[in-house]
Amino acid sequence: QVQLVESGGGLVQAGGSLRLSCAASGNTLSLNDMGWYRQAPGKQRDLVAIMHNGGFTQYADSVKGRFTISRDNANSKVELQMNSVKPEDTAVYYCHARDWRIYWGQGTQVTVSS
């Protein structure tokens with residue numbers, strides 16, 4: 001069993017930076033994939049960035065070169081460094097993890113002003 005809690009969301013000006021953090025607790029050593037999804041109002045929840053257990057990282061095309069995902073060896077934390085943010089990045093960002101089940105955090109709002 002794993003619990004995920006996001007933090008770090010807020011209001012940021014376009015071009016600025018924000019760092020999201022997800023604290024994972026429970027049986028975190030069993031986790032394989034850990035990453036971030038986002039969902040804008042009325043839109044589908046889409047992958048932002050994910051790091052697989054072997055270290056392979058995937059990013060959405062829209063965030064490549066701007067966002068960086070990181071996770072610790074104990075799988076107790078996954079972070080998303082967001083640089084050069086755009087208004088299009090405005091969404092609720094959800095921490096995601098998977099072992100034999102899928103886990104979601106409650107989400108944290110990121111709003112980017114023009």
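Keep in mind the model is a prediction, meaning the values are calculated, not measured.
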Aromatic rings Trp104 and Tyr37: how do their planes relate, parallel, tilted or perpendicular, breaks at 30° and 60°? perpendicular
Let me confirm one number: the CG-CG distance from Asn75 to Leu29, rounded to the nearest 0.5 Å. 6.5 Å
Does any N or O in the side chain of Thr28 come within less than 3.5 Å of the main-chain N or O of Ala74, such that one atom is a donor and the other an acceptor? yes
Scanning both residues in full, the closest heavy-atom pair of Val92 with Gly107 reads CG1-CA, 3.8 Å
Residue pair Leu80 / Ala49: nearest heavy atoms and the distance that separates them: CD1-CB, 4.1 Å
Are the side chains of Met82 and Leu20 in contact, using a 4.5 Å heavy-atom criterion? yes
So NE2 of His96 and CG of Leu47: to nearest 0.5 Å the spacing works out to 8.5 Å
Has the side chain of Gln106 got a donor or acceptor atom that lies under 3.5 Å from a matching backbone atom of Glu6? no
Can you tell if the side chain of Gln109 reaches within under 4.5 Å of the side chain of Thr90, non-hydrogen atoms only? yes
Would you compute the distance between atom CE of Met51 and atom CD of Glu79 and round it to the nearest 0.5 angstrom? 11.0 Å
Got Ser30 and Trp100 here, is their nearest side-chain heavy-atom distance under 4.5 Å? no
Hey, are the side chains of Arg71 and Asp33 touching, using non-hydrogen atoms and a 4.5 Å cut-off? no
Hey, what do you get for OG (Ser76) to CE (Met34), rounding to the nearest 0.5 Å? 8.0 Å
Distance in Å, Arg101 CZ paired with Leu31 CG, rounded so as to fall on 0.5 Å steps: 10.5 Å
Contacts of type side chain to side chain contact (heavy atoms under 4.5 Å, CB included), residue Gln3, not counting sequence neighbours: Gln1, Ser25
ILVMFWY network linking Val78 to Ile50, side-chain heavy atoms under 4.5 angstrom: no
Does a side-chain heavy-atom distance below 4.5 Å link Arg19 with Gln81? yes
Do any side-chain atoms of residues 55-65 form donor-acceptor pairs under 3.5 angstrom with protein atoms, and if so which ones, sequence neighbours left out?
residue	atom	partner	partner atom	Å
Thr57	OG1	Gly55	O	3.3
Gln58	OE1	His52	NE2	2.7
Tyr59	OH	Ile69	N	2.9
Asp61	OD1	Lys64	NZ	3.1
Ser62	OG	Arg38	NH2	3.3

Asp99 versus Asn27: any side-chain heavy-atom pair under 4.5 Å? no
Looking at every heavy atom in both Ala14 and Ser114, which two are closest together, and how far apart are they? CB-CA, 4.4 Å
Is there a side-chain contact between Gln39 and Tyr94 in this structure, where contact means two heavy atoms from C-beta onward sitting under 4.5 Å apart? yes
